[in-house]
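The structure under discussion appears below in the form of C-alpha cells.
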Amino acid sequence: MKLTWDPTWVNPFESHWSIIEKIKYANAITSLDFVRMYGTRNFKGKLRNQHKGLFHFIGIDHNHLSEAISTDLSMHTGYYLDKMTGMFSWVNTDRLLRNEFTFCEDCLSMGYHSLLHQFIFINKCPFHLSDLKRACTSCGNSHSCDKHNHTSKGGFQCSCSNFYVTPKFNLWLDWQIDITFKDILVSNWVTMDLSAYNRIKNSYFYLPALNNMDEPLQFLLDFGREGS
C-alpha cells in the first residue's frame with residue numbers, strides 16, 4: 001500500500017504519536033492496520049506491542065516506515081529530544097517525560113502534539129500559554145505513553161472511539177503550522193548556547209529538588225550562563 005503523505009506535515013518538536021496519527025488519518029487506517037504494515041514480529045510471527053509508544057515506538061520497523069514517508073522518525077525525535085533534554089546527561093531521558101499522554105487542546109485540534117508537552121518542567125503549552133490537559137474531552141480518561149496496543153482506533157481517536165479533541169483542520173495543508181514560541185523561557189531553553197548547554201550537561205542536579213522549584217528551567221539557564 002502506498003501511503004498518502006507529505007513530509008512537510010512534520011513540524012518542529014512534533015512527537016512520533018502525532019505524526020503517526022496523521023498517517024492514520026490521511027490514509028483512513030486504524031492503529032491495527034498501521035502495525036500490520038509497519039510493526040515488527042517476534043520469533044513466532046506475532047506482532048510486538050509498541051512499548052514507549054509516544055517517544056520511541058519500539059516494535060516499529062523504522063527503516064520500512066522511513067522509506068514510506070521519506071522521513072526518519074527516529075532521527076526527528078532524537079534531534080528534538082536532545083534540544084529539550086540532552087543536557088541532562090546524568091538522568092535517563094524517560095524520567096524527564098510524563099508517563100501520561102499530555103497535550104494542548106489548541107495544538108491537538110490542529111493535528112499537532114509536541115514532545116515539549118510531555119516535558120516534566122513544562123506545565124503550559126509554550127505555543128498557546130494554555131494549561132496542558134491529560135484527559136480525553138469526550139470520556140475523561142487519561143492514557144499511558146508506555147504502550148500502544150493493537151486496537152482499531154482511527155487517527156487522533158481515544159480508546160473511547162471519539163477524538164481526544166474536536167479537529168479544527170479542514171485540509172491536510174492545515175497540518176503545516178507555524179510553531180512560534182510565546183513562552184520566552186521555553187524558547188530560551190531550546191535555543192541555549194553551547195557553553196550553557198555543556199555547563200549544565202557536565203554538572204549534577206538532584207531531580208526531585210528541581211521538580212520542587214517554581215521555575216527549574218530558569219534556575220538551570222541562569223546556572224548555565226554563569227560560566228559564560
Side-chain angles (χ1 to χ4, degrees), residues 3-34 50 52-55 57 65 69 71 73 76-77 80-81 83-84 97-149 151-187 189-190:
L3 293 179
T4 297
W5 185 251
D6 185 336
T8 64
W9 294 341
V10 178
N11 295 291
F13 290 98
E14 188 160 9
S15 71
H16 264 55
W17 180 89
S18 181
I19 296 166
I20 289 177
E21 293 304 296
K22 287 176 179 176
I23 294 171
K24 289 162 53 182
Y25 190 92
N27 292 276
I29 60 175
T30 66
S31 296
L32 184 57
D33 296 326
F34 180 84
Q50 279 64 63
K52 298 294 182 185
L54 188 59
F55 312 120
F57 266 86
L65 180 58
I69 64 173
T71 302
L73 295 192
H76 167 87
T77 303
Y80 286 108
L81 278 178
K83 290 177 74 68
M84 192 172 83
L97 304 171
R98 297 185 179 94
N99 285 327
E100 280 187 314
F101 177 53
T102 307
F103 59 92
C104 163
E105 290 186 358
D106 291 318
C107 286
L108 196 54
S109 71
M110 295 305 297
Y112 175 76
H113 173 262
S114 177
L115 290 165
L116 291 163
H117 296 153
Q118 300 296 141
F119 194 19
I120 60 172
F121 297 140
I122 295 177
N123 296 301
K124 291 184 180 291
C125 175
F127 315 112
H128 294 99
L129 302 182
S130 53
D131 290 333
L132 296 175
K133 307 293 184 181
R134 301 190 188 187
C136 170
T137 56
S138 295
C139 69
N141 289 330
S142 57
H143 297 277
S144 170
C145 297
D146 282 342
K147 188 175 180 180
H148 265 40
N149 290 317
T151 67
S152 58
K153 292 189 302 179
F156 300 105
Q157 287 182 351
C158 171
S159 56
C160 70
S161 297
N162 293 304
F163 291 111
Y164 276 99
V165 176
T166 301
K168 292 181 181 177
F169 50 84
N170 296 311
L171 300 170
W172 297 334
L173 287 175
D174 291 338
W175 288 341
Q176 296 173 264
I177 59 177
D178 177 24
I179 302 299
T180 301
F181 285 96
K182 292 184 179 177
D183 189 321
I184 302 304
L185 176 57
V186 176
S187 178
W189 177 259
V190 299

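No hydrogens, no waters, no symmetry mates; every other heavy atom, side chains included, goes into these values.
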Next on the checklist: Lys182: which residues meet the salt bridge (charged side-chain N to carboxylate O under 4.0 Å, His left out) condition with it, sequence neighbours left out?
Outcome noted: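 If we apply the salt bridge (charged side-chain N to carboxylate O under 4.0 Å, His left out) test to Lys182, skipping adjacent residues, there are no hits.
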I need the minimum non-hydrogen distance between [X] and [Y], along with the two atoms involved.
{"X": "Thr166", "Y": "Ser109", "answer": "O-CB, 3.5 Å"}
{"X": "Ala135", "Y": "Gly140", "answer": "CB-O, 3.4 Å"}
{"X": "Pro7", "Y": "Thr71", "answer": "CB-OG1, 3.8 Å"}
{"X": "Ile29", "Y": "Ile23", "answer": "CG1-O, 4.4 Å"}

Could you grab the distance from atom [atom1] of [X] to atom [atom2] of [Y], nearest 0.5 Å is fine?
{"X": "Asp106", "Y": "Leu129", "atom1": "CG", "atom2": "CG", "answer": "10.5 Å"}
{"X": "Asn11", "Y": "Lys22", "atom1": "CG", "atom2": "NZ", "answer": "4.5 Å"}
{"X": "Leu65", "Y": "Leu73", "atom1": "CG", "atom2": "CG", "answer": "5.0 Å"}

Answer with yes or no whether the side chains of [Y] and [X] bring together a donor and an acceptor at under 3.5 Å.
{"X": "Asp33", "Y": "Thr30", "answer": "yes"}
{"X": "His117", "Y": "Thr102", "answer": "no"}
{"X": "Ser159", "Y": "Lys153", "answer": "no"}
{"X": "Gln118", "Y": "His113", "answer": "yes"}
{"X": "Ser18", "Y": "Glu14", "answer": "yes"}

Suppose we screen for side chain to side chain donor-acceptor pair (under 3.5 Å). Which residues come up paired with [X], at least two apart in sequence or across chains?
{"X": "Lys83", "result": "none"}
{"X": "Lys168", "result": "none"}
{"X": "Asn141", "result": "none"}

Within the structure provided, determine whether [X] and [Y] are in side-chain contact (heavy-atom separation under 4.5 Å).
{"X": "Tyr80", "Y": "Leu116", "answer": "no"}
{"X": "Trp17", "Y": "Phe103", "answer": "no"}
{"X": "Ser31", "Y": "Lys24", "answer": "yes"}

Next on the checklist: If you apply the rule side chain to side chain contact (heavy atoms under 4.5 Å, CB included), what do you find for Cys107 with Ser114, and how did you get there?
Outcome noted: CA-CA 8 Å; Cys107 286; Ser114 177; over 6 Å; no
Item to check | Pair Tyr164 and Phe156, ring centroids less than 6.0 Å apart | outcome: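 No; Phe156 has its ring centre 6.0 Å or more from that of Tyr164.
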Checklist entry - Any chance the rings of Phe121 and Trp189 have centres within less than 6.0 Å? => result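 Judged by ring-centre distance (under 6.0 Å), Phe121 and Trp189 do not meet the cut-off.
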Checklist entry - Is a donor on one side and an acceptor on the other found under 3.5 Å between the side chain of Ser187 and the backbone of Leu185? => result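 No; judged by distance alone, with no hydrogens or angles, the pair does not exist.
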Item to check | Residue list, ring pair (Phe, Tyr, Trp, His ring centres under 6.0 Å) with Phe163, at least two apart or on another chain | outcome: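 Phe163 satisfies ring pair (Phe, Tyr, Trp, His ring centres under 6.0 Å) with no other residue.
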Item to check | Check against side chain to side chain contact (heavy atoms under 4.5 Å, CB included), Leu81 and Leu97 | outcome: CA-CA 10 Å; Leu81 278 178; Leu97 304 171; 4.2 Å; yes
Side chains of residues 169-179: which donor-acceptor partners sit under 3.5 Å, not counting sequence neighbours?
residue: Asp174; atom: OD2; partner: Asn170; partner atom: N; Å: 2.8
residue: Asp174; atom: OD2; partner: Leu171; partner atom: N; Å: 3.2
residue: Gln176; atom: NE2; partner: Thr8; partner atom: OG1; Å: 3.2
residue: Asp178; atom: OD1; partner: Thr180; partner atom: OG1; Å: 3.0
residue: Asp178; atom: OD2; partner: Thr180; partner atom: OG1; Å: 2.9

Item to check | Ring geometry between Phe181 and Phe13 (parallel below 30°, tilted from 30 to 60°, perpendicular above 60°) | outcome: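 Rings of Phe13 and Phe181: perpendicular, over 60°.
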Item to check | From CA spacing to verdict: side chain to side chain contact (heavy atoms under 4.5 Å, CB included), Gln157, Asn162 | outcome: CA-CA 5 Å; Gln157 287 182 351; Asn162 293 304; over 6 Å; no
Item to check | Residue pairs fulfilling salt bridge (charged side-chain N to carboxylate O under 4.0 Å, His left out) with at least one residue in residues 114-131, sequence neighbours excluded | outcome: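 Checked against salt bridge (charged side-chain N to carboxylate O under 4.0 Å, His left out) - neighbours excluded - the pairs reaching residues 114-131 are Lys124-Asp131.
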Checklist entry - What residues, two or more places apart in sequence or in another chain, satisfy side-chain contact (heavy atoms from CB on, under 4.5 Å) together with Ser142? => result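 In terms of side-chain contact (heavy atoms from CB on, under 4.5 Å), with neighbours along the sequence ignored, Ser142 is linked to Glu100.
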Checklist entry - Under the side-chain contact (heavy atoms from CB on, under 4.5 Å) test, which residues partner Thr137, sequence neighbours left out? => result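 For Thr137 the side-chain contact (heavy atoms from CB on, under 4.5 Å) partners, ignoring immediate neighbours, are Glu105, Val165.
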Checklist entry - Is there a side chain to side chain contact (heavy atoms under 4.5 Å, CB included) between His143 and Arg134 once you walk through the steps? => result CA-CA 8 Å; His143 297 277; Arg134 301 190 188 187; over 6 Å; no
